[in-house]
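So the structure is just underneath, and the comments pick up after that.
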Amino acid sequence: MPYRLSSLFLRTLREDPADAEVESHRLLVRAGYIRRAAPGVFSWLPLGLMVKTKIEQIVREEMAAAGAQEVFFPALLPKEPYEVTGRWDDYGDNIFRLKDRKDAEYLLAPTHEEVFTLLVKDLYNSYKDLPLSIYQIQNKYRDEARPRAGLLRGREFVMKDAYSFDVTDEGLEVSYQAQRAAYERIFTRLGLEYVIVSADAGAMGGSKSEEFLSPSEIGEDSFVRSASGFAANVEAVRFSQSPAITPNKQAAEDHASPNTPTIATLVSFSNENHPKPDGTWEASDTLKNVVLALIAGDGKRRLVTVGIPGDREVDQKRAEAWFGCDVEQANEADFKSHPELVKGYIGPRKDSKQFLGLEAESKIEYLLDPRIAEGSSWITGANKDQMHTWHLTFGRDFSADGIADIAEIRAGDPAPDGSGPLEMARGIEIGHIFQLGRKYAEALGLKVLDSNGKLVTVTMGSYGIGVTRLVAVIAEACHDDKGLMWPDSVAPANLHIIAAGKDEAAFEAAESLTAGAEALGLRVMLDDRPKVSPGVKFADAELIGNPWIIICGRGVAEGEVELWNRVTGERSQVKIDSVLAELMAKR
RNA sequence: CGGGAUGUAGCGCAGCGGUAGCGCGCCUGCUUUGGGAGCAGGAUGUCGCAGGUUCGAUCCCUGCCAUCCCGACCA
């Protein structure tokens, strides 16, 4: 049956909703696809539901092709499994928690690793049962501190989450690759541009993870890419150690450097008082030694010092990914408990002896940015108030405990794989795949007997796609100033037929074309509203955004209708008898 | 959790001490029908909530709540 606009549960808005900032939110509300029910929570009207359903269908087909079986868990879950893995606490305020009448605690699941693991444990106990991949398409609940951008970051959203179970690491790799390939097919079928970036596994744990990002200005994820194919999340980029260079012959020398607590003041002081033999000192000639506090799970702070080129800042997210824990700049209390650290004048060496480092005087770990090449010389702190060292050379005058690749990345930095300069870009996360390894299976005791009759812990992967987010991402990528422009694969209808004017013949032609198109297997939206002016119908057709439009209007008297491509804007007069054939040929 | 803004009809907004208005949408009638029609008539509100000031508060004051934006956070 066609959608009939004369009776469809739909009201398009002529004006933009005031609370919608991003295009997808604005248009989805205006065109009557969704309505806000609460912050980050949306109701789905018939058109929105159809788009969502079509996306889900594509996901289902590709999951089946990848060998994954569909299941369905509750969204409402008891807290116990999440306590076992620690996530009841780890998620903090981001979990919606509730109690039943007996005061038993529940949560609305933010993700389902625990219960999937437990279900497999319930049912399976032999290696012969594995590998297994199962998935569901389910509502997820996260009490986001700040939901935003309509469907892009909601508190209730639909996610396809798949989980793989294998006995061996090699098996996990195979399962992982099967999901990865399925994701590529899904996003391609949805008509989305995407990049796969290596990512930080973060709170999910596990060894390897990749994100699928849809490039977009309004994306919340920063990633870098090179022209020849390198792409990575900013947190996950790893630079290799710069090769050693031949040190210059200048000996290191300490000098008083009054009033130079910052890199800028130090650089101008150096140029005035200790000019560079072959040019001008720049911020990149200085070695900035930052003191960081690594915060363990129990809240204990451990200080480390990291030397980075003076023209760069520490990127906190990269630091947290590198160290695998929360990281803060050292605070006043930290400096108080380490009076040997002279704020603003910290350096690796003091009085011609190594100062920073686990084995050195300070006993504070000292790590270096990988850009700091052996043999390179630096202006850096001398660990005395108003005192710096010039020509301090790595490998000759000081050493380090290791590297810390936590400096900010800049556009133009060379890609770590040598594929050229990096450019910065933003993207929306549309999929994320993880090799979880044995973290959850270990915690929840998921073991099977192997071929030798020995109990072995199962290794897992988890694979997520934000289905409702995809609705917004596609809308974000496919629209113009008039409205939405859905790809045929997800549009509410393949064809939008307008009966324009008041002429009975136009309505009859529209009805008969509708029947004809449906016989060809097309889903049709028929604008059969009586007494609505053509202008309104045209505007609504453009706003709603089905890929093809046929206008039955004045031309019907001469046996002609207009075939209109919503995406290209191309419009042509076509004989009624041949319009469907032409449409089928073009789509 | 910090900073900012805003809460008045379904949507977009105005009003600012004297008990509420405009546009769109909605209902009725007539006219109109290829780019969000015209005319006439009509329905719709705890002016976010609670206190306070005042003869009188949508308007001023205090507190709270909510929403949106920026930031922090975000499998």
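Labels below follow one simple rule: chain letters A, B, ... track the order of the sequence lines, proteins then strands, and each chain is numbered from 1.
Looking at residues two or more places apart in sequence or on another chain, you find a salt bridge (Lys or Arg N to Asp or Glu O under 4.0 Å) between A:Asp16 and A:Arg26, A:Arg30. Qualifying side chain to side chain contact (heavy atoms under 4.5 Å, CB included) partners for A:Leu470, counting only residues two or more places apart in sequence or in other chains: A:Ile55, A:Phe187, A:Leu190, A:Leu192, A:Ile430, A:Ile465. Residues passing the side chain to side chain contact (heavy atoms under 4.5 Å, CB included) test with A:Ala37, sequence neighbours excluded: A:Val41, A:Ser43. Every residue meeting the side chain to side chain contact (heavy atoms under 4.5 Å, CB included) condition with A:Ile576, not counting sequence neighbours, appears here in chain and number order: A:Ala509, A:Leu513, A:Val556, A:Val561.
Of the P atoms belonging to B:G4 and B:G41, the separation is 48 Å, rounded to the nearest Å. Going from the P atom of B:C60 to that of B:U8 covers 15 Å, rounded to whole Å. Nucleotides B:C27 and B:A9 have their C1' atoms positioned 15 Å apart, rounded to a whole Å. Straight-line distance between the C1' atoms of B:C47 and B:C39: roughly 32 Å, to the nearest whole Å. Comparing B:C73 with B:G48, their P atoms sit 35 Å apart, to the nearest whole Å. Between B:A57 and B:G42, the two C1' atoms lie 31 Å apart (nearest whole Å). Spacing between B:U28 and B:C55 at atom P, rounded to whole Å, works out to 49 Å. Going from the C1' atom of B:C13 to that of B:C70 covers 24 Å, rounded to whole Å.
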Might you work through the side-chain contact (heavy atoms from CB on, under 4.5 Å) test for A:Arg438 and A:Val458, ending with a clear yes or no?
CA-CA 6 Å; A:Arg438 297 183 170 80; A:Val458 169; over 6 Å; no
Apply the test salt bridge (charged side-chain N to carboxylate O under 4.0 Å, His left out) to residues A:Asp503 and A:Arg554: give CA-CA distance (whole Å), side-chain angles for both, the deciding distance (0.1 Å), then the verdict.
CA-CA 8 Å; A:Asp503 204 351; A:Arg554 282 177 177 155; over 6 Å; no
Salt bridge (charged side-chain N to carboxylate O under 4.0 Å, His left out), that's the test. Do A:Arg97 and A:Glu105 meet it? Break it down for me.
CA-CA 7 Å; A:Arg97 298 156 200 265; A:Glu105 294 189 275; over 6 Å; no
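At a threshold of 4.0 angstrom between heavy atoms, the contacts of A:Pro39 are confined to the sugar-phosphate backbone, with no base atom among them. The residue A:Ala149 sits close only to the backbone: its heavy atoms come under 4.0 Å of sugar-phosphate atoms, none of a base. In this structure, A:Phe157 reaches the bases: a heavy-atom distance under 4.0 Å links it to at least one base atom across the strands shown. Across all strands, A:Arg11 comes closer than 4.0 Å only to sugar-phosphate atoms, never to a base (heavy-atom distances). Counting any heavy atom pair closer than 4.0 Å across all strands shown, A:Arg155 reaches no nucleic acid atom.
For the pair A:Lys160 and A:Tyr135, the minimum side-chain heavy-atom distance is below 4.5 Å. Here the side chains of A:Leu152 and A:Ile218 are in contact, with some heavy-atom distance below 4.5 Å.
Taking atom CZ of residue A:Phe42 and atom C1' of nucleotide B:C68, one finds them 12 Å apart after rounding to whole Å. Atom-to-atom, CZ of A:Arg148 to P of B:C73 comes out at 11 Å; the value is rounded to the nearest Å. Atom CD1 of A:Ile34 is separated from atom P of B:G10 by 20 Å (rounded to the nearest Å). Between A:Arg529 atom CZ and B:G25 atom C1' the separation is 13 Å, expressed in whole Å. Atom CD in A:Gln573 sits roughly 14 Å away from atom P in B:G34 (whole-Å rounding). In this structure, CZ of A:Arg469 is placed 9 Å from C1' of B:C74, rounded to the nearest angstrom. In this structure, the NE2 atom of A:His496 is 14 Å from the C1' atom of B:G34, given to the nearest Å. Regarding A:Arg426, its CZ atom lies at a distance of 13 Å from the C1' atom of B:C74, rounded to whole Å.
In the model, A:Asp143 has no side-chain atom that pairs as donor or acceptor with a side-chain atom of A:Tyr141 under 3.5 Å. In this structure, a donor-acceptor pair under 3.5 Å is absent between the side chains of A:His112 and A:Gln138.
A salt bridge links A:Lys79 to A:Glu83: one of the charged nitrogens lies within less than 4.0 Å of a carboxylate oxygen. Under a 4.0 Å N-O distance rule, the pair A:Lys575/A:Glu582 does not qualify as a salt bridge. Electrostatic pairing of A:Asp480 and A:Arg566 counts as a salt bridge here, judged by a charged N lying under 4.0 Å from a carboxylate O.
The distance from atom CZ of A:Phe165 to atom NZ of A:Lys121, rounded to the nearest 0.5 Å, is 12.5 Å.
Between the base of B:G35 and the side chain of A:Arg571 there is a donor-acceptor pair shorter than 3.5 Å.
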One character per nucleotide, please: for nucleotides 39-48 of chain B, 5' to 3', B when the base has a protein heavy atom closer than 4.0 Å, S when only the sugar-phosphate does, - otherwise.
----------
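Checking side-chain atoms of A:Glu560 against main-chain N and O of A:Gly555 turns up no donor-acceptor pair under 3.5 Å. When atom types are taken as modelled, the side chain of A:Ser164 and the backbone of A:Gly461 share a donor-acceptor pair closer than 3.5 angstrom.
Listed in residue order, the members of residues 501-511 of chain A having a heavy atom less than 4.0 Å from RNA chain B are A:Gly501, A:Lys502. Contact check of residues 551-564 of chain A against RNA chain B (heavy atom, cut-off under 4.0 Å) returns A:Ile551, A:Gly553, A:Arg554, A:Glu562, A:Trp564. Near RNA chain B, defined here as any heavy-atom distance below 4.0 Å, the residues from residues 530-546 of chain A are A:Val532, A:Ser533, A:Pro534, A:Gly535, A:Val536, A:Phe538, A:Ala539, A:Asp540, A:Glu542, listed numerically.
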What nitrogen or oxygen pairs link the protein and nucleotides 11-14 of chain B at under 3.5 Å?
from	atom 1	to	atom 2	distance (Å)
B:G12	OP1	A:Ala18	N	2.9
B:G12	O2'	A:Glu15	OE2	3.2

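Checking B:C68, B:G36, B:C69 against the side-chain heavy atoms of A:Arg14 singles out B:G36 as nearest.
Other residues, nucleotides and ligands place more than 12 heavy atoms under 6.0 Å from the CD atom of A:Gln573.
Base orientation of B:U31: anti (glycosidic angle beyond 90° from 0).
Every pair tested for salt bridge (Lys or Arg N to Asp or Glu O under 4.0 Å) that includes a residue from residues 39-50 of chain A fails, sequence neighbours excluded, so the list is empty. Pairs passing the side-chain hydrogen bond (donor to acceptor under 3.5 Å, both in side chains) check and including a residue from residues 529-545 of chain A, sequence neighbours excluded, read A:Thr12-A:Asp540, A:Asp527-A:Arg529, A:Arg529-A:Asp540.
Test A:Thr514, A:Leu580, A:Val574 against A:Ile550 for side-chain contact (heavy atoms from CB on, under 4.5 Å) and you get one pass: A:Leu580.
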Determine which bases of RNA chain B form Watson-Crick or G-U wobble pairs with both distances under 3.5 Å, and write the result as a 5' to 3' dot-bracket string with | for other-strand partners.
(((((((..((((....[..)))).((((((.....)))))).....(((((..]....))))))))))))....
